[in-house]
**Student:** 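This structure is in structure tokens; I'll ask about it shortly.
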Amino acid sequence: MGSDKATDRERLVAQLEAKAPRYRVDILEMLCEAESGHPGGSLSAIDLVSAIYHYKLRHRPDDPLWADRDRFIMSKGHGVPAQYAVMSDLGYFERDKLWTLRKLGSPLQGHPCTHWLAGIDASTGSLGQGLSVAQGVGIGLRLSRSKAHVYCLMGDGETQEGQVWEAAMSMAKYRVDNVTVILDYNKAQIDGLTRDVMDIEPLADKWRAFGWHVQTIDGHDYRQILAALDQAAAVQGQPSYIIAHTIKGKGVSFMEQNPVSWHGVSPNREDTDRAIAEIRKRAGIDAKEAVR
Amino acid sequence: MNRATRDPFGETLARLGKTDERIVVLDADLSESTRSAKFAEACPERFFEMGIQEANMISTAAGLASTGKIAFCCSFSCFITSRFDQIKVSVAYNNARVTIVGTHAGCGVGPDGYTQMALEDVAMLRTLPNLAVLQPADDLETTQIVEYLIGQHDGPAFLRLTRQKVPRVHHENYRFAYGRADRLREGSDLAIIGTGATVHAALAAASRLGDEGISASVTNIHTISPLDQDAIGQLAAETGKLMTVEDHSVIGGLGGAVCEALAATHPAMCHRVGLREFGESGSPEELFAKHHLDAEGVYREAKSFLERLG
């Protein structure tokens, strides 16, 4: 029994690892086509988003408003291309829609919006609000006696917002244990490195002091991500926070080396081709095979 | 019957909360003052004391609404509506069934002074395309608006309430109709348009003008957004002279909304009575007198407006 579970886990990890380069390519193609957007923070978040959707989320892509679904709230709304890549793969919308990102009339708004795209559980983009919304969803689900769980993906720069710490305080008070927060800790924001702009450390100590269950993981290691999500879901009586150390621009070396510059600038065609070639080479994907 | 509109608000919420499990109420350390404490007493498991965290409270209410709840977020209007970004993004942009309840509106808050006065709240919230801006003129209207918000309104709203007592202006058989102007008195020389705490003064002033042979109509605008544009156009057609009276800045509130409607439907002269400066400490009566929001002030403003037009 135990070994079956371990085998299943390994199979899932292999699947997620196979999907990751394809999601990264989709993100880059989306942003190139849009000629605007946030590649660094989408590429740092994609492994987390993918793991949450494929491993944890109880949802129905063909019934996106199913009342008892688990919720996913992209509090760092600028990272939504990562979510769109996974949602498209899961069948929420046609793959062709990806190339309409940020264009007039597209359901794929520059920042996620509930009334533009079914399956988005909260409109976000003004940083620091998503955690409070997640708290409300968590309490509402509890009042409705639903067993559904809420996943909230946050950014490190966003953690500078005062409202985040208001929610940190109130979620401990109300013992909101059906919400798991995952921090995409990619260490950079628009004006510079997070530690220079406004350092958020010592982060684990802060959340523990506020009464949270805290774990720290490598946000690109699927085995660690899955284990942390399991542990977070098992925590009772307190909210759960996973600090996922990530790399801004992960998978594209020229972005990884210059993470601040690639926060909010989209790659042009040449950059995109170079980046995609690197991702495919690393993943051993033949260019012909990758054409879909 | 003189009652602060916050009183029937709290009572109605508590009454309906007992039988409607969808209703949740949040407050930011002012539950006695906003009267949400009445609900807390009746339904403690669905009342959330959020402490002095208005931003967190508003976004949390939006999350609650997304699970099928009907949420009321309560504080002084100045503190809650100044979290405009949370109202805009978490509440309005999610089309969340959340009512932002702002009590102690306007200079009527009195001795606490300007920082406790919301004089800009209507102007700000009126810009959100799906958010209803509602301000009852008396206790009867307040009760019916709360019933409407729970029973029928499917979206975000702002409910602006008074700390101070206001006289009843409606008959007991009054029926609130969302989005429809409420004509209280007919008249052909001047149309006075009030909202909330100023409606009573508008009626008293119109009565005195009538004694002098000046025929002034009085209309109560409980739904400032979406505004009843047809009714405003009708008033302009009848009199050609309109005067708005509100305990709010003359910029962007009822006066601004009426002028926008006139420009779009039936151009006419409009005089706006309201605040043109920061508020200050004083009794509500003194402040209403200073800013010409009482019966004497509305009467004098009407006279000078009519004289100016000749």
Side-chain angles (χ1 to χ4, degrees), chain A residues 64-73 75 77 109 111-117 120-146 148-150 152 161-176 178-179 210, chain B residues 17 20-29 43-73 75 79-80 82-98 100 128-131 154-156:
Chain A
L65 298 180
W66 173 40
D68 213 26
R69 71 190 183 280
D70 290 340
R71 310 303 207 269
F72 178 82
I73 294 174
S75 189
Q109 292 288 295
H111 292 76
C113 177
T114 49
H115 61 257
W116 277 97
L117 182 62
I120 296 294
D121 288 320
S123 306
T124 60
S126 181
L127 295 173
Q129 299 186 25
L131 183 56
S132 302
V133 175
Q135 161 174 247
V137 175
I139 293 173
L141 291 170
R142 188 165 70 192
L143 283 174
S144 304
R145 293 169 198 84
S146 167
H149 201 86
V150 184
C152 179
E161 287 277 7
Q163 187 177 351
V164 171
W165 300 100
E166 294 184 1
M169 207 183 291
S170 64
M171 289 175 76
K173 171 185 171 178
Y174 285 108
R175 301 178 185 280
V176 188
N178 55 355
V179 173
F210 273 81
Chain B
D20 191 337
E21 294 211 337
R22 297 173 302 168
I23 303 172
V24 293
V25 178
L26 303 86
D27 204 304
D29 198 35
C43 312
E45 71 290 353
R46 278 178 281 119
F47 174 79
F48 299 92
E49 172 57 77
M50 299 302 289
I52 307 173
Q53 298 191 332
E54 293 81 9
N56 185 34
M57 170 172 75
I58 294 165
S59 299
T60 299
L64 279 159
S66 84
T67 67
K69 309 299 176 200
I70 302 171
F72 288 80
C73 270
S75 183
F79 304 134
I80 195 165
S82 57
R83 273 60 179 182
F84 181 75
D85 186 29
Q86 282 73 23
I87 299 174
K88 164 182 154 166
V89 176
S90 291
V91 173
Y93 198 47
N94 277 315
N95 199 33
R97 203 160 169 193
V98 172
I100 303 295
L128 298 171
N130 61 342
L131 184 140
D154 188 17

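Throughout, a chain's letter reflects where its sequence line sits, starting with A, and its residues are numbered from 1.
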**Student:** Say you draw a straight line from OG1 of Thr67(B) to CG of Asp68(A); how long is it, rounded to the nearest 0.5 Å?
**Tutor:**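 Those atoms lie 11.5 Å apart.
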
**Student:** Who among Val150(A), Leu143(A), Val164(A) has the most heavy-atom pairs with chain B under 4.5 Å?
**Tutor:**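 Going by pairs under 4.5 Å, I would pick Leu143(A).
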
**Student:** Do you know which two heavy atoms are closest between Ala55(B) and Gln163(A), and how far apart they sit?
**Tutor:** O-NE2, 3.2 Å

**Student:** Mind running side-chain contact (heavy atoms from CB on, under 4.5 Å) on Asn56(B) and Gln135(A) for me, showing each step along the way?
**Tutor:** CA-CA 9 Å; Asn56(B) 185 34; Gln135(A) 161 174 247; 3.4 Å; yes

**Student:** Do you know which two heavy atoms are closest between Val137(A) and Ser66(B), and how far apart they sit?
**Tutor:** CG2-OG, 3.3 Å

**Student:** With a 4.5 angstrom heavy-atom cut-off, could you sort out which part of Asn94(B) is near chain A: side chain, backbone, both or neither?
**Tutor:** both

**Student:** Should we say atom CZ of Arg142(A) is surrounded by more than 12 heavy atoms from elsewhere, each under 6.0 Å from it?
**Tutor:** yes

**Student:** Of all of Ala61(B), Ala96(B), Ser90(B), Ala65(B), which one pairs up most often with chain A through heavy atoms under 4.5 Å apart?
**Tutor:** Ser90(B)

**Student:** Work out which heavy atom in Gln129(A) is nearest to a heavy atom in Gln86(B); give both atom names and the distance.
**Tutor:** OE1-CA, 3.6 Å

**Student:** Start with the C-alpha distance between Glu166(A) and Met50(B), add both sets of side-chain angles, then the distance that settles side-chain contact (heavy atoms from CB on, under 4.5 Å), and finish with yes or no.
**Tutor:** CA-CA 9 Å; Glu166(A) 294 184 1; Met50(B) 299 302 289; over 6 Å; no

**Student:** Do you know which two heavy atoms are closest between Gln109(A) and Tyr93(B), and how far apart they sit?
**Tutor:**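 Answer, listing the atom of Gln109(A) first, then Tyr93(B): OE1-OH, 4.2 Å.
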
**Student:** Name the member of Gly125(A), Ser123(A), Ala67(A), Gly140(A) that forms the most heavy-atom pairs with chain B at distances under 4.5 Å.
**Tutor:**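 The residue among Gly125(A), Ser123(A), Ala67(A), Gly140(A) with the greatest pair count is Ser123(A).
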
**Student:** Once you round to the nearest 0.5 Å, how far does CD1 of Ile139(A) lie from CZ of Arg46(B)?
**Tutor:** 14.0 Å

**Student:** For the pair Lys173(A) (side chain) and Glu49(B) (backbone), establish whether a donor and an acceptor sit closer than 3.5 Å, ignoring hydrogens and angles.
**Tutor:**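 Yes; at least one donor-acceptor contact below 3.5 Å.
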
**Student:** Which heavy atom of Ser126(A) sits nearest to which heavy atom of Val89(B), and what is that distance?
**Tutor:** CB-CG2, 3.9 Å

**Student:** For Glu45(B), which atoms come within 4.5 Å of any heavy atom of chain A: side chain, backbone, both, or neither?
**Tutor:**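 The backbone, not the side chain.
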
